[in-house]
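Heads up: numbering here begins at 1 and tracks the sequence.
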Amino acid sequence: AYAALLARTNCAVELLEYAASAGQKSRYLSRIASGAWTAVLAFAERGAPFDPASVRCRAILQADGSFRLFGRKQLVIHGEHDLAGNVVYLVLARLSDGACGAKGLAWFIVPKFLVDADGATRRSNEVRYLAVEERPGLLARPIRTLIFGAVEGAVGEIIGERFGEPGRISVLTSCVLDALHLAAGAQGVAVGEGAYQRALHAARTRRQRRGAGAARQDLFCAERPDIKRLLLNMRARTFAARLLVYEAVALRDRSLHRCASGNDKKHRHLAHLMATVAAAWSCTVGTEVVSLGLQLHGCIGSVEDVRAARPGRDAQTVLPGAGAVPDPAQIVHELLHEQGVSLRWLIEEIAGIARALKTHGALIELGIRLDADTAALATALDAMLTRGHVDEGISLSVAAPFVDLLGVICGEWQMGRAALAAQDKLDGSQDDGAYSNHVVGLARFYAVHIAPLARAHLQTVLAAEAAACVFADALP
C-alpha cells in the first residue's frame, strides 16, 4: 500500500529534477527527496482518467506571477495524510489563455501548506478532500477526491521554465506517465517472482506418491516432469518481463538525457512505447504466474495457509484509472495516431537481434524463430493500420490480443539478447558456465513453449472484423 506513495513521490522527484526552475528545486526537491515532505500526482478527473485533452481543472494567472487553480481531481492516491510535514500536489490543469485539447495544459506545484522563499511552511492552501474513493484494493492506500480552489483558488506555481512554453504537456506528461507505468511494471515482475519462489519452495518440500504396486514411490513435486515444466514456465515468463522492464528503464534514461540536450523525437517516442508495453505485459505476466503457482498448493485451505493467493489479489489492486497500468486500447490508439512509426523502430531493433542470433552457431534456431515472430508482428501492425484508416473501432476491438502479441515477442527479444550475452561468456570461458547455461536453456524454453502464443494472438488480430461487429447484434 505504501509502495504506491513512494512510487508517486519518486515520479514527482523526477519531474521536478527534470523540469523545475532553480528556485522550485531549492524549495521543494530536497525536502521531498529526503522524505520530510511527500509529493502526490493529481491528473485524473471524472470521465477522463487517461485523456489529458479532457482536463477541465483551470489555472488563472495572477498579477504576482502565481496561479490560482480551480477544479476537481479524482483517483489521487494518498491524496490526504499526516505522514509528513507537507504534501506537495503536482496538478495537471488548463491555462486560462491556453488552447483547446492537450496543448493548453501545464503542470503546477500546489502545496498543502504554502511555502515561503526559504522553504518554511505557513498557512494552509485552498485544497480540500471531498471523499475517500470507495474502490477495491489495499485498505492502507487511501484514494481521495480533491477540490482545488472552492472559493479564492488554490495557489500554485507552473513547472517548466526551461522550455519555450513553460510546463506544456508534451514532454512533462510523458515523463510522469512513463515513470508510473514502469513502477507498475516493476510491481508486476515482483509479484511474479514472489509467486515463483513460493511455488518452488512448495515443489521442493512437498511429496506425492507416484506409480502402483512395487513401483510405487514418494517423490518431491519438483522431481515430476510436469511440475518441472510448470516451474520453468513461471521462471521464463518472469525473467523475460524483468528484462523488458530493465530495457524500458534504460531506454527512458537515455531518452531523457538526449532530450536535455535537444529534442530527440525518435528516442522519446520509442521510450514511451517501451514503457507502456513493458508495464501492460509485465502486470499480465505477474497475474498469470500467480495463477500457475496456485496449482502447486493444493486445495483452497492450503493456498490460504501459505498466503499463495495474496500476490494475485495484490496484483489486481493496481487501478488502471489512476494511470499506473496502461490501457491496451490507449496503446493502440497512440500507435494508430502516429501511423505505427515508433513500433516500426522497435521492430528494426528486434530484427537486429534476430540477425545476430542467426549468425551465432549455437543460437541459430532462436534467431530463426525470432525472425519469424518479428515478421508476424509487422503483419499484425500493417493489419491494424489498414483497418484504422477505415474504422478505428475495429482495430481497438483487438487491442488486448495485439498488446499481448507485442509483449510476448518483446519478451522473446529480450531472452534472445540474454542468450547472446550468456553464450559469449560460455565461448570466452569467462565464468563457470552454470548461470550462463541456465540463461541459454531458459531462452530456448521460452522460444519453444511461450513464444508460439504470439501466432495465436496474430490470428485473433487478423480476424478483427469478425470480433467487432457481432456483439451489439447478439445482445437481447
Side-chain angles (χ1 to χ4, degrees), residues 50 170 174 177-178 181-182 185 240-241 243-252 254-255 258-259 263-285 325-355 369-417 451 453-464:
F50 286 106
S170 57
S174 178
L177 294 181
D178 289 351
H181 294 336
L182 292 173
L243 293 178
L244 186 58
V245 171
Y246 287 168
E247 176 63 19
V249 171
L251 186 59
R252 179 174 179 270
R254 293 194 295 267
S255 171
R258 289 185 173 96
C259 287
N263 187 16
D264 192 330
K265 181 179 179 180
K266 175 179 177 180
H267 288 88
R268 180 157 53 87
H269 285 204
L270 188 56
H272 176 67
L273 174 64
M274 282 289 294
T276 54
V277 173
W281 189 66
S282 297
C283 291
T284 299
V285 165
V325 182
D327 182 14
Q330 182 65 22
I331 297 176
V332 171
H333 174 75
E334 292 177 355
L335 286 175
L336 296 177
H337 179 70
E338 66 173 17
Q339 300 298 313
V341 174
S342 58
L343 183 51
R344 294 198 189 279
W345 290 331
L346 181 59
I347 290 175
E348 292 176 3
E349 297 285 339
I350 299 175
I353 296 299
R355 289 191 295 270
R369 291 179 180 272
L370 181 57
D371 190 46
D373 289 337
T374 304
L377 178 58
T379 300
L381 176 60
D382 291 338
M384 297 289 281
L385 294 175
T386 301
R387 295 191 191 98
H389 289 306
V390 179
D391 185 356
E392 183 175 326
I394 297 178
S395 294
L396 294 180
S397 68
V398 290
F402 178 80
V403 173
D404 288 339
L405 164 68
L406 180 53
V408 170
I409 295 177
C410 284
E412 186 181 7
W413 165 45
Q414 290 302 308
M415 295 297 281
R417 292 184 63 192
L453 294 173
R455 294 306 180 98
H457 294 313
L458 174 62
Q459 296 303 316
T460 304
V461 171
L462 295 180

Got a second to check how far [X]'s [atom1] is from [Y]'s [atom2], nearest 0.5 Å?
X      : Y      : atom1 : atom2 : answer
Cys283 : His181 : SG    : NE2   : 10.5 Å
Arg252 : Asp178 : CZ    : CG    : 6.0 Å
Leu406 : Met274 : CG    : CE    : 9.0 Å
Leu335 : Leu343 : CG    : CG    : 5.5 Å
Thr386 : Leu381 : OG1   : CG    : 9.0 Å
Leu377 : Asp382 : CG    : CG    : 9.5 Å

Tell me the closest heavy-atom pair linking [X] and [Y], and the distance in Å.
X      : Y      : value
Glu247 : Arg417 : OE1-NH1, 2.7 Å
Leu346 : Cys410 : CD2-SG, 3.9 Å
Ala399 : Val332 : CB-CG2, 3.6 Å
Ala248 : Leu182 : CB-CD2, 3.6 Å
Leu385 : Gly340 : CD2-N, 4.0 Å
Arg455 : Ala376 : NE-CB, 4.0 Å

Heavy-atom distance under 4.5 Å between the side chains of Asp373 and Trp413, does that happen here?
no
Are Val398 and Met384 packed together at the side-chain level, in the sense that at least one heavy-atom pair is separated by less than 4.5 angstrom?
yes
When you measure from the side chain of [X] to the backbone N and O of [Y], does any donor-acceptor pair fall under 3.5 Å?
X      : Y      : result
Ser282 : Ala279 : no
Ser255 : Leu251 : no
Arg387 : Leu396 : no

So Arg355 and Glu348, salt bridge (charged side-chain N to carboxylate O under 4.0 Å, His left out) or not? Walk me through it.
CA-CA 11 Å; Arg355 289 191 295 270; Glu348 292 176 3; over 6 Å; no
Test side chain to side chain contact (heavy atoms under 4.5 Å, CB included) applied to Glu392 and Leu336, step by step:
CA-CA 8 Å; Glu392 183 175 326; Leu336 296 177; 3.6 Å; yes
Go through the steps to decide whether Ile353 and Glu349 satisfy the test side chain to side chain contact (heavy atoms under 4.5 Å, CB included), and finish with yes or no.
CA-CA 7 Å; Ile353 296 299; Glu349 297 285 339; over 6 Å; no
What verdict does the side chain to side chain contact (heavy atoms under 4.5 Å, CB included) test give for Ile350 and Glu412, after you've listed the backbone C-alpha separation in whole Å, the side-chain angles of each residue and the deciding distance to 0.1 Å?
CA-CA 9 Å; Ile350 299 175; Glu412 186 181 7; over 6 Å; no
